[in-house]
Amino acid sequence: KDIDYVPDYCFANCCELAEVVLHDKVECISYYAFDGCTSLKTIVLPESLRRIESGAFTNSGLEGSLDIPASVENIEWEAFWNCQNLAEVHMLSETPCYVSDNAFGMNTVIYVPEGCYQAYKNEWRGSFNWAEKSVGICGNFTDWEWDVLMTDNGEGWYVAQVDVEAYSEFKFRLDGM
């Protein structure tokens, strides 16, 4: 319990590792610490965590949703890249942390606290799928001219992309269909 970081490549390619609970003194998950841990389904990140380095969870089996504590200040390049089943990441801080391009896979929706949509939009760069919890607003930072809203037409969830200037919209399924 005296260790305050998970070392580089510490558990890389540990294919039998299924769950991780980090103690409350861990401040950093280092480079590629859990890369290739294909059986890793869940991890509990402590409130003490400040940095998630490049590739920390790349190619891991994380699934469902993950809470990023408000204490996190940096999420580096490809930290959660190619986590195919990581559907949601919930940012718990009202103040956006630094997030590098490609920190998350394109299948992951990033949720931010209610009322923080504009702060996150102004701070983050790169391509992210994200949503504000209370109203279901999503955005993709690839094109700053667009706002995106999640909607359910009774046949499943769709993303409606709306050009605020022209009020035109089109829809596509979240599963890419």
Side-chain angles (χ1 to χ4, degrees), residues 1-134 136-141:
K1 287 203 170 202
D2 292 334
I3 297 173
D4 63 355
Y5 71 100
V6 180
D8 296 357
Y9 300 93
C10 184
F11 298 100
N13 298 310
C14 289
C15 296
E16 301 301 317
L17 185 63
E19 180 181 359
V20 173
V21 178
L22 299 172
H23 69 80
D24 61 2
K25 291 184 181 177
V26 172
E27 294 182 6
C28 179
I29 300 172
S30 295
Y31 299 93
Y32 301 92
F34 296 97
D35 177 28
C37 294
T38 54
S39 295
L40 179 60
K41 304 299 181 200
T42 61
I43 186 163
V44 176
L45 301 176
E47 289 297 322
S48 58
L49 189 64
R50 297 173 57 123
R51 296 184 61 83
I52 302 172
E53 297 290 354
S54 296
F57 296 96
T58 296
N59 303 310
S60 73
L62 288 175
E63 61 185 24
S65 67
L66 176 68
D67 289 343
I68 304 291
S71 59
V72 172
E73 299 170 355
N74 291 73
I75 302 175
E76 297 295 338
W77 186 72
E78 293 188 350
F80 295 94
W81 192 252
N82 203 28
C83 295
Q84 298 295 326
N85 296 314
L86 183 58
E88 301 174 358
V89 169
H90 297 263
M91 304 299 296
L92 301 183
S93 177
E94 292 183 3
T95 304
C97 66
Y98 171 79
V99 175
S100 179
D101 288 346
N102 298 322
F104 301 98
M106 295 306 295
N107 295 332
T108 304
V109 176
I110 310 302
Y111 289 87
V112 303
E114 180 178 352
C116 299
Y117 170 90
Q118 197 63 46
Y120 274 82
K121 182 175 180 178
N122 291 342
E123 184 69 27
W124 284 7
R125 301 293 184 259
S127 296
F128 302 101
N129 293 319
W130 57 285
E132 185 174 14
K133 284 184 181 179
S134 65
I137 295 174
C138 290
N140 187 317
F141 291 99

Can you spot which of F57, F34, Y32 makes a ring pair (Phe, Tyr, Trp, His ring centres under 6.0 Å) with F11?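 Among the candidates, only F34 passes.
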
For the pair [X] (side chain) and [Y] (backbone), establish whether a donor and an acceptor sit closer than 3.5 Å, ignoring hydrogens and angles.
X   : Y   : value
S54 : Y31 : no
H23 : I3  : yes
S39 : C15 : yes

Non-hydrogen atoms of [X] and [Y] that approach each other most closely:
X    : Y   : result
C83  : S60 : SG-OG, 3.4 Å
S48  : S71 : C-OG, 3.9 Å
T38  : N59 : CG2-O, 3.9 Å
I29  : A33 : CG2-CB, 3.8 Å
D67  : L92 : CB-CD1, 4.0 Å
I110 : M91 : CG2-CG, 3.7 Å

I need the full list of salt bridge (Lys or Arg N to Asp or Glu O under 4.0 Å) pairs touching residues 36-56, with sequence neighbours left out, sorted by first then second residue.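 Listed by first then second residue: R50-E73, R51-E53, R51-E76.
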
Residue list, side chain to side chain donor-acceptor pair (under 3.5 Å) with E88, at least two apart or on another chain: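 For E88, the residues satisfying side chain to side chain donor-acceptor pair (under 3.5 Å) (neighbours in sequence not counted) are H90.
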
Those residues that, when tested against E94, pass side chain to side chain donor-acceptor pair (under 3.5 Å) (two or more places apart):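 Listed in chain order: nothing, the list is empty.
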
Please round to the nearest 0.5 Å and tell me the distance separating atom [atom1] of [X] and atom [atom2] of [Y].
X    : Y   : atom1 : atom2 : value
L86  : T42 : CG    : OG1   : 11.5 Å
C97  : N74 : SG    : CG    : 7.0 Å
Y5   : L22 : OH    : CG    : 14.0 Å
I43  : L62 : CD1   : CG    : 7.0 Å
N102 : T58 : CG    : OG1   : 10.0 Å
E78  : I75 : CD    : CD1   : 14.0 Å

With side chains defined as the heavy atoms from C-beta onward, is the minimum distance between V26 and L49 less than 4.5 Å?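 SC-SC contact between V26 and L49 confirmed.
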
Any side-chain heavy-atom pair from I68 and F80 closer than 4.5 angstrom?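 A side-chain contact under 4.5 Å exists here.
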
